[in-house]
There are 2 protein chains.
Amino acid sequence: MSSPDFIDALQALGFTGQEAALYRALLEHGELSGYEAAKETGISRSNAYHALASLVEKGFASRVEGEATRYAALSLEDVGRLVRSRQEMSIKNALAAAPQVKQGGTPFLSVSGRAAVLERMRLLCQGAEDRLYLALDATDLEDIRDDLAEATARGIRVTVLCNRAWELDGALVHVRRKARGPVRVIADGRKVLTGELDQARGECVFSENPHLVNLIKDSLTHEIQIVQARATERN
Amino acid sequence: MSSPDFIDALQALGFTGQEAALYRALLEHGELSGYEAAKETGISRSNAYHALASLVEKGFASRVEGEATRYAALSLEDVGRLVRSRQEMSIKNALAAAPQVKQGGTPFLSVSGRAAVLERMRLLCQGAEDRLYLALDATDLEDIRDDLAEATARGIRVTVLCNRAWELDGALVHVRRKARGPVRVIADGRKVLTGELDQARGECVFSENPHLVNLIKDSLTHEIQIVQARATERN
DNA sequence: AGAGCGTAGTACTGTATAATACCACTATGT
DNA sequence: ACATAGTGGTATTATACAGTACTACGCTCT
């Protein structure tokens with residue numbers, strides 16, 4: 001794996017580009033002075049001193065006690081803990097300070113793009129309290145395997161209708177003949193995601209509208225019954 | 001709790017100021033058109049449309065299917081799930097792409113400021129694998145109660161030396177006579193944090209240096225023995 | 001003279017925000 | 001029929017700020 005990905009990942013965690021480069025240098029060398037860090041990364045000393053001070057302020061590095069000021073990185077594991085804790089605090093604060101939320105509407109929400117559709121599926125898995133039904137292709141299921149595994153581990157009953165024998169511990173998998181069909185995901189009998197999804201694009205609708213939920217539920221139930229009837233004929 | 005804190009918390013989760021204001025308006029109203037959202041928040045329509053598009057791209061809002069474009073907020077619970085997942089992915093990526101880390105050094109790291117000291121304590125709690133010893137004042141212990149509770153819940157043995165009868169399920173608490181003393185925290189017999197901490201400031205050193213670890217360990221052990229001896233005399 | 005240590009300052013770029021202008025359509029009042 | 005207000009939406013410019021690039025200066029030590 002190349003260096004840029006490490007820098008990208010750190011930037012996603014709140015580092016600026018130069019902070020990330022300096023942090024990486026500190027990881028690799030154990031501890032460095034500002035002058036050494038600037039030389040090692042090619043960042044001008046002026047910016048290096050500023051970015052190191054910022055790393056210390058953010059808690060991602062510490063000053064090493066000694067004569068000349070040297071710096072050491074916080075371990076990456078601890079950086080992970082730190083950003084997780086801070087984010088939990090922010091989420092907690094947001095929930096505590098949330099305004100009165102208007103309830104009741106069940107609009108049809110547009111979910112466009114493969115990434116957005118998969119992300120919405122993950123949210124359905126993570127938010128599920130009782131049951132999950134999914135009619136998806138195996139390649140799409142693979143992309144949310146971890147989230148489904150976590151759901152089954154939480155005791156969520158997961159039923160899958162798939163185009164081939166896909167396997168997940170704790171999940172009930174039906175294999176249908178049709179090669180491909182629309183996405184249909186139902187969570188807890190209340191939330192539904194449906195539409196088109198392939199490797200390059202996604203165009204789905206998410207809703208808690210009871211009519212749409214019932215429509216998709218009937219569609220799925222019907223298709224699962226066909227699969228079960230066919231399996232019975234074979235036995 | 002006033003509105004600014006909600007906006008601050010959202011900004012910490014990746015919203016810009018205007019995105020946060022618009023998101024809040026969408027939460028309060030269920031769904032809004034761009035024009036309505038601009039009016040509701042006082043943001044110019046040009047910026048409002050741009051920020052709403054950005055909210056959709058970030059996954060924090062969706063377009064409502066219908067004639068005129070209307071928008072609805074992702075629930076705050078789901079926003080929490082989303083940012084957690086993304087952060088987990090970034091942490092995972094960073095760990096996977098991490099450079100070779102230089103091992104072995106055990107420098108004395110400076111930890112300045114009350115917030116930074118408490119944060120380092122929390123990291124020690126979260127990272128503990130076996131034991132935690134803490135000599136702290138009760139008011140400081142209160143600030144890390146949640147992290148200590150999580151540690152005991154994970155089976156970490158927590159021993160506290162405190163200036164009054166502080167209580168935490170699963171922790172062993174000794175009460176000393178001295179009103180206040182230096183901070184001394186030892187994790188797993190390997191990591192130590194020590195120094196001064198009061199309500200307005202903190203000035204500590206963190207290290208994995210075996211000499212310092214042993215020094216603080218002896219100091220704590222000695223003081224706990226005195227407390228235990230005194231308790232025995234009283235009985 | 002060169003390396004190491006550190007700070008101050010300027011300039012450029014990108015982003016967020018503030019603001020204005022323009023265009024089109026619909027509804028309403030006169 | 002016309003003017004006005006409201007709604008929907010985009011384009012553009014300007015400003016402030018943070019991040020980054022860069023230069024200059026001063027000091028100490030070898």
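Quick note: numbers below take in every heavy atom, side chains included, and nothing from hydrogens, waters or symmetry partners. By convention in this document, chain letters (A, B, ...) are assigned in the order of the sequence lines, proteins followed by strands, and residues within each chain are numbered from 1.
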Whole-Å distance, A:His50 NE2 to C:dG9 P, equals 13 Å
Expressed as a whole number of angstroms, how long is the span from A:Arg63:CZ to C:dC5:P? 15 Å
Quick one: side chains of residues 196-206 of chain B, donor-acceptor pairs under 3.5 Å with protein atoms, not counting sequence neighbours, listed by atom name and distance.
residue: B:Asp198; atom: OD1; partner: B:Ala200; partner atom: N; Å: 2.9
residue: B:Asp198; atom: OD1; partner: B:Arg201; partner atom: N; Å: 2.9
residue: B:Glu203; atom: OE1; partner: B:Ser112; partner atom: OG; Å: 2.7

Phosphate OP1/OP2 of C:dA19 contacted by B:Ser44 side-chain N/O (<4.0 Å): no
Any side-chain N or O of A:Lys39 under 4.0 Å from OP1/OP2 of C:dA3? no
SB check A:Glu142 A:Arg145 (cutoff 4.0 Å): yes
B:Arg24 and B:Glu28 ion-paired at < 4.0 Å: yes
Rounding to an integer number of Å, can you tell me how far A:Tyr71 OH sits from C:dG4 C1'? 14 Å
C:dT7 phosphate, OP1 or OP2: any side-chain N/O from A:Ser46 under 4.0 angstrom? no
Tell me whether B:Glu31 is salt-bridged to A:Lys102, with the criterion being a basic N under 4.0 Å from an acidic carboxylate O. no
Just how far, in rounded Å, is C1' of D:dT12 from OH of B:Tyr49? 17 Å
Rounded distance in Å - CD (B:Glu19) to C1' (C:dA16): 9 Å
Taking OP1 and OP2 of D:dG8, is either one under 4.0 Å from a side-chain nitrogen or oxygen of B:Tyr35? no
Need to verify one output field. Residue with the more 5' nearest nucleotide on DNA chain D, A:Arg45 or A:Gly17? A:Gly17
Whole-Å distance between D:dA18 P and A:Glu57 CD? 12 Å
Under 4.0 Å from OP1 or OP2 of C:dA18: is there any side-chain N or O of B:Gln18 that close? yes
Whole-Å distance between D:dG19 C1' and A:Leu22 CG? 13 Å
Whether A:Thr16 contacts D:dT20 is assessed here as follows: a side-chain N or O lying under 4.0 Å from the phosphate OP1 or OP2. Is that the case? yes
Return the set of residues passing salt bridge (charged side-chain N to carboxylate O under 4.0 Å, His left out) with A:Glu65 (not counting sequence neighbours), or none when no residue passes. none
Here's a test of your reading of the structure: between A:Thr69 and A:Asn47, which maps to the more 5' nucleotide of DNA chain C? A:Thr69
Interatomic distance where CD1 belongs to B:Ile43 and C1' belongs to C:dA18 [whole Å]: 11 Å
